[in-house]
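Everything below concerns the one structure shown next.
In this chain, numbering begins with 1 at the start of the sequence shown. This one's a predicted model, so the numbers in the text were calculated from it and none came from an experiment.
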Amino acid sequence: MDLKELKLTKRRSAILDDLGIKTVEELLMYYPFRYEENICKPFKEWEINDTVIFGAILLSQPSTFRYGKRSMTRFKVLYDDKELNITIFNRPWLKVQGDKIVIKGKYDGASKVTALNYSFHDIEDEIGIKAIYPLKENIRQSDIQAMIKKGLEIYRSEDILPLSLKNKYQLMDLNEALKEIHLPSSKDKLKKAITRLKYDEFLRFYSTLKMLKDSNETSSKAKKIDLNAIDILIHNLPFKLTSDQQKCVDDILKDLASPYMTTRLIQGDVGSGKTIVAAIALYASVKAGYQGALMAPTEILAKQHYQSLKAILKDINIVMLSSDTKKDTEIKKMIEDNKAQIIIGTHALFSDDVIYHNLGLVIADEQHRFGVKQRRKLKEKGQDVDLLLMSATPIPRTLASSIYGDMDVSTIETMPIGRKGCDTYLLKSNSIVSIMDEIKKTMASGKQVYIITAAIEHSDAIKVKDATNLYNSLLEVMKPYRLGLLHGKMNQELKTATMNAFINHEIDILVSTTVVEVGVNVKNATMMIIYDADRFGLSQLHQLRGRIQRGDDKGTCYLLTDSKDENILKRLNVLVNSNDGFYIASEDLKLRGPGDILGTRQSGLPPFILGDLIADTKFIEVCKKDANEIIERSSEVEFQNYYAKIKSLAILNNID
């Protein structure tokens with residue numbers, strides 16, 4: 001329904017425009033973020049510092065006293081046969097409208113009240129459960145409340161929820177739910193309204209996801225998997241696969257043998273062994289007569305994968321294609337002629353002049369670093385291409401199935417035997433003075449050190465250590481050890497050269513921003529120092545310290561912070577006490593939410609307003625089950641209307 005139906009003033013129309021609200025439906029979905037319960041109590045029940053609300057009779061005209069830009073207004077009222085002295089600050093525009101007034105404020109004792117706000121409505125209009133809305137500057141609660149009240153008067157939504165589901169859970173009618181969430185008549189009805197609207201959000205999303213997943217599973221030519229060859233490869237590995245790795249391999253082989261093109265996410269903690277799973281998957285694709293491609297976000301990581309796979313798959317012809325080899329026509333000819341069986345590279349893999357002979361499997365490492373269009377462009381290089389995504393940002397299984405609902409998810413939780421892990425220490429100082437001896441001992445033993453900062457250069461606006469100045473200040477202090485500087489403003493050639501120098505131990509200490517976060521393998525680096533650790537999320541800190549868990553020696557990580565905030569220190573101690581990436585991610589999600597951890601654009605997070613992916617796990621499972629039922633029974637009369645509505649929603653494209 002068009003906002004013109006509300007007949008708003010220009011000012012209120014401008015408010016909705018500022019909030020990005022275009023329709024009456026969107027206005028009514030501008031839900032409160034909290035509620036206040038106003039109870040009018042007799043004066044004799046008041047206690048000092050109580051928040052009180054009462055209707056009173058004005059006994060005196062307000063008098064305003066100004067001091068600088070501030071003001072204080074005073075007047076007397078009569079309430080419950082008691083004369084009260086009212087003070088309200090910085091509200092000099094108080095205009096009396098009759099002799100009745102409603103005051104809400106704090107009781108200071110001795111018949112004195114500091115008013116927080118006032119109105120000239122009836123007290124009956126002010127008591128009860130009141131919705132409080134999120135606001136921007138120069139927008140008043142009264143404006144939002146008035147517009148929503150008007151919207152509720154003229155708007156009626158068609159309730160398309162199948163009656164059997166509505167009755168099954170005794171859900172409130174949609175229009176009643178919209179009214180109760182904004183103008184609650186009781187706590188019980190407010191709770192029922194939230195339940196109904198939250199259910200609608202989840203059901204709509206998971207019904208759409210189910211449709212999307214079904215549409216993605218297009219028919220393709222099933223790959224003939226050589227299980228004997230794969231068993232021999234696994235048997236000849238110098239280590240035994242963990243149970244989770246083996247489960248992932250089994251899942252992937254089932255995908256490849258399926259008559260549908262499938263998409264699977266492999267998620268696992270830092271060092272959990274995702275690379276060997278990828279190697280086995282690529283080997284299976286090659287043995288089935290198809291080429292495989294592995295896409296990495298950086299050339300260094302691509303080269304690392306190239307070297308690892310060459311060591312594991314010795315009888316397979318593996319080539320690397322990146323910006324360095326982009327003009328190498330010989331490699332491109334090998335790819336086109338099927339002489340290159342596995343191709344590893346960066347975004348160069350999906351260049352227009354790269355033609356694959358028979359691409360059957362695409363693997364995207366650190367999948368969140370690639371947009372959907374990039375992954376799709378590479379997948380479209382072949383006709384029967386399965387897609388495997390790998391992520392080192394572990395999240396709980398239930399949440400993974402919610403966020404990545406349009407794909408299958410395999411999880412590696414158990415770590416390979418022999419991983420040394422990392423000792424983490426929290427230093428309540430943003431200085432390395434106290435650990436200078438430990439740093440020098442580490443380098444004297446032939447090991448290397450990362451020093452991480454939150455900023456590239458100094459800024460007066462953000463008081464944090466920056467990589468550039470820290471690097472310059474350490475040059476003299478750390479002699480004769482060799483320092484390197486790495487950050488995002490450097491050109492790609494210099495970044496690659498610096499990282500390669502560190503990999504080759506031509507640099508002892510690398511001062512860097514978070515550009516080292518992605519899975520670079522420097523086994524000789526065993527210490528990491530992170531300045532202003534309070535500026536990072538827990539998952540990011542865990543990813544960073546994963547850089548010093550690549551070799552045979554145990555890593556040591558120091559988290560530096562000047563913060564005295566107990567909540568921040570408690571959050572950082574999660575890392576001190578645990579190396580479990582799934583537990584850490586779970587704690588991070590509770591604190592920051594999945595949009596911050598995974599990136600809303602990349603993860604395809606749904607725009608839930610009431611629903612909470614973490615707190616509403618049980619709710620989600622119910623809605624996923626009901627969504628499947630709706631899709632399966634879409635031809636039945638009862639479900640046709642809902643199915644048609646969901647199918648027409650434009651959010652199908654947004655989930656991409």
Side-chain angles (χ1 to χ4, degrees), residues 1-3 5-6 16 19-38 125 127-134 141 143-209 402 606-627 629-630 638-646 648-649 651:
M1 182 182 286
D2 197 288
L3 288 174
E5 300 293 327
L6 295 177
L16 294 185
L19 293 173
I21 294 172
K22 307 296 183 185
T23 65
V24 176
E25 290 90 341
E26 289 178 4
L27 172 63
L28 296 183
M29 288 178 68
Y30 192 74
Y31 299 135
F33 76 100
R34 66 182 178 89
Y35 296 87
E36 289 182 353
E37 188 172 15
N38 296 327
D125 294 335
I127 59 175
I129 304 170
K130 299 298 175 185
I132 308 298
Y133 296 89
Q141 286 289 336
D143 288 317
I144 301 297
Q145 290 165 350
M147 288 188 286
I148 283 177
K149 190 174 181 180
K150 203 167 187 180
L152 288 169
E153 289 172 358
I154 66 170
Y155 179 76
R156 289 294 175 273
S157 178
E158 180 187 3
D159 195 344
I160 60 170
L161 185 67
L163 190 60
S164 60
L165 294 177
K166 192 174 175 181
N167 292 338
K168 182 178 180 180
Y169 305 113
Q170 297 182 315
L171 294 172
M172 182 179 277
D173 178 76
L174 179 57
N175 288 295
E176 185 183 1
L178 285 170
K179 182 180 178 183
E180 289 292 335
I181 200 168
H182 293 293
L183 303 171
S185 57
S186 69
K187 288 182 180 179
D188 181 60
K189 286 196 172 182
L190 173 59
K191 184 178 178 181
K192 288 180 178 179
I194 292 172
T195 297
R196 168 61 204 267
L197 296 171
K198 190 183 288 189
Y199 178 84
D200 282 359
E201 280 188 358
F202 283 131
L203 186 66
R204 181 172 62 247
F205 176 70
Y206 288 107
S207 296
T208 308
L209 264 188
S402 297
F608 296 133
I609 303 172
L610 297 171
D612 187 319
L613 283 169
I614 300 164
D616 294 324
T617 303
K618 291 181 180 178
F619 213 125
I620 286 168
E621 292 307 313
V622 168
C623 289
K624 287 168 73 173
K625 183 179 177 182
D626 292 342
E629 182 181 358
I630 287 170
E638 183 187 359
F639 296 91
Q640 283 177 354
N641 200 13
Y642 189 88
Y643 179 81
K645 180 72 173 178
I646 293 298
S648 67
L649 287 175
I651 63 169

Subject >> Side-chain heavy-atom pair L183, I148 within 4.5 angstrom cut-off >> reply: no
Original post:
If you round to the nearest 0.5 Å, how far is NZ of K179 from CE of M172?
Top reply: 10.5 Å
**OP:** Decide yes or no on side chain to side chain contact (heavy atoms under 4.5 Å, CB included) for I620 and Y206, but give the supporting numbers first.
**Re:** CA-CA 9 Å; I620 286 168; Y206 288 107; 3.5 Å; yes
Subject >> Heavy-atom donor-acceptor pair, Q141 side chain to Y133 backbone, under 3.5 Å >> reply: yes
**OP:** Please assess L174 against L161 for the test side chain to side chain contact (heavy atoms under 4.5 Å, CB included), listing each intermediate value before the final yes or no.
**Re:** CA-CA 9 Å; L174 179 57; L161 185 67; over 6 Å; no
Original post:
Are the side chain of E36 and the backbone of I132 linked by a donor-acceptor contact shorter than 3.5 Å?
Top reply: no
**OP:** Indicate the ring-plane relationship of H182 and Y31, choosing parallel, tilted or perpendicular according to the 30° and 60° boundaries.
**Re:** tilted
**OP:** Measure the acute angle between the ring planes of Y199 and F619, then classify it against the limits of 30° and 60° as parallel, tilted or perpendicular.
**Re:** tilted
**OP:** Answer whether the closest heavy-atom distance between the side chains of L171 and D200 falls below 4.5 Å.
**Re:** no
**OP:** Enter the distance from L178:CG to R156:CZ here, rounded to the nearest 0.5 Å.
**Re:** 9.5 Å
Subject >> Listed partners of Y169 passing side-chain hydrogen bond (donor to acceptor under 3.5 Å, both in side chains), at least two apart >> reply: D626
Subject >> Contacts of type salt bridge (Lys or Arg N to Asp or Glu O under 4.0 Å), residue K198, not counting sequence neighbours >> reply: D616
Original post:
Y30 side chain to P134 main-chain N or O, any donor-acceptor pair under 3.5 Å?
Top reply: yes
Original post:
So how far is it from I129 CD1 to N38 CG, rounded to the nearest 0.5 Å?
Top reply: 10.0 Å
**OP:** Using a 4.5 Å cut-off on heavy atoms from C-beta on, say whether the side chain of M29 contacts that of I21.
**Re:** no
Original post:
Just wondering, do L6 and L27 contact through their side chains at under 4.5 Å, heavy atoms?
Top reply: yes
**OP:** Would you give the length of the straight line joining atom CZ of R196 to atom CD1 of I181, rounded to the nearest 0.5 angstrom?
**Re:** 12.0 Å
Subject >> Value rounded to 0.5 Å, distance of CG in L16 from CE in M147 >> reply: 4.0 Å
Original post:
Should the pair E37-K187 be classified as a salt bridge under the 4.0 Å nitrogen-to-oxygen rule?
Top reply: yes
Original post:
Just by distance, do the side chain of Q145 and the backbone of A131 share a donor-acceptor pair under 3.5 Å?
Top reply: yes
Original post:
Between E25 and S157, does a side-chain hydrogen bond (donor to acceptor under 3.5 Å, both in side chains) hold up when you go through it step by step?
Top reply: CA-CA 8 Å; E25 290 90 341; S157 178; over 6 Å; no
**OP:** With the side chain counted from C-beta on, respond yes when E176 and K189 share a heavy-atom pair under 4.5 Å apart, and no when they do not.
**Re:** yes
Original post:
Is the shortest side-chain N to carboxylate O distance from K166 to D159 below 4.0 Å?
Top reply: yes
Original post:
Rounded to the nearest 0.5 Å, how far does OG of S207 lie from CD of E629?
Top reply: 10.5 Å
**OP:** Side-chain contact test, heavy atoms from C-beta onward, threshold under 4.5 Å: evaluate it for T23 versus M1 and give yes or no.
**Re:** no
Subject >> Working for side chain to side chain contact (heavy atoms under 4.5 Å, CB included), residues I630 and L203 >> reply: CA-CA 10 Å; I630 287 170; L203 186 66; 3.8 Å; yes
Subject >> Beyond-backbone contact of E638 with S164, side-chain heavy atoms, under 4.5 angstrom >> reply: yes
**OP:** Report yes or no: does E201 contribute a side-chain atom to a donor-acceptor pair with the main-chain N or O of L610 at less than 3.5 Å?
**Re:** yes
Original post:
Looking at D188 and K192, does any basic side-chain N land under 4.0 Å from a carboxylate oxygen?
Top reply: yes
Original post:
For residues E180 and S185, is any side-chain donor paired with an opposing acceptor at under 3.5 Å?
Top reply: yes
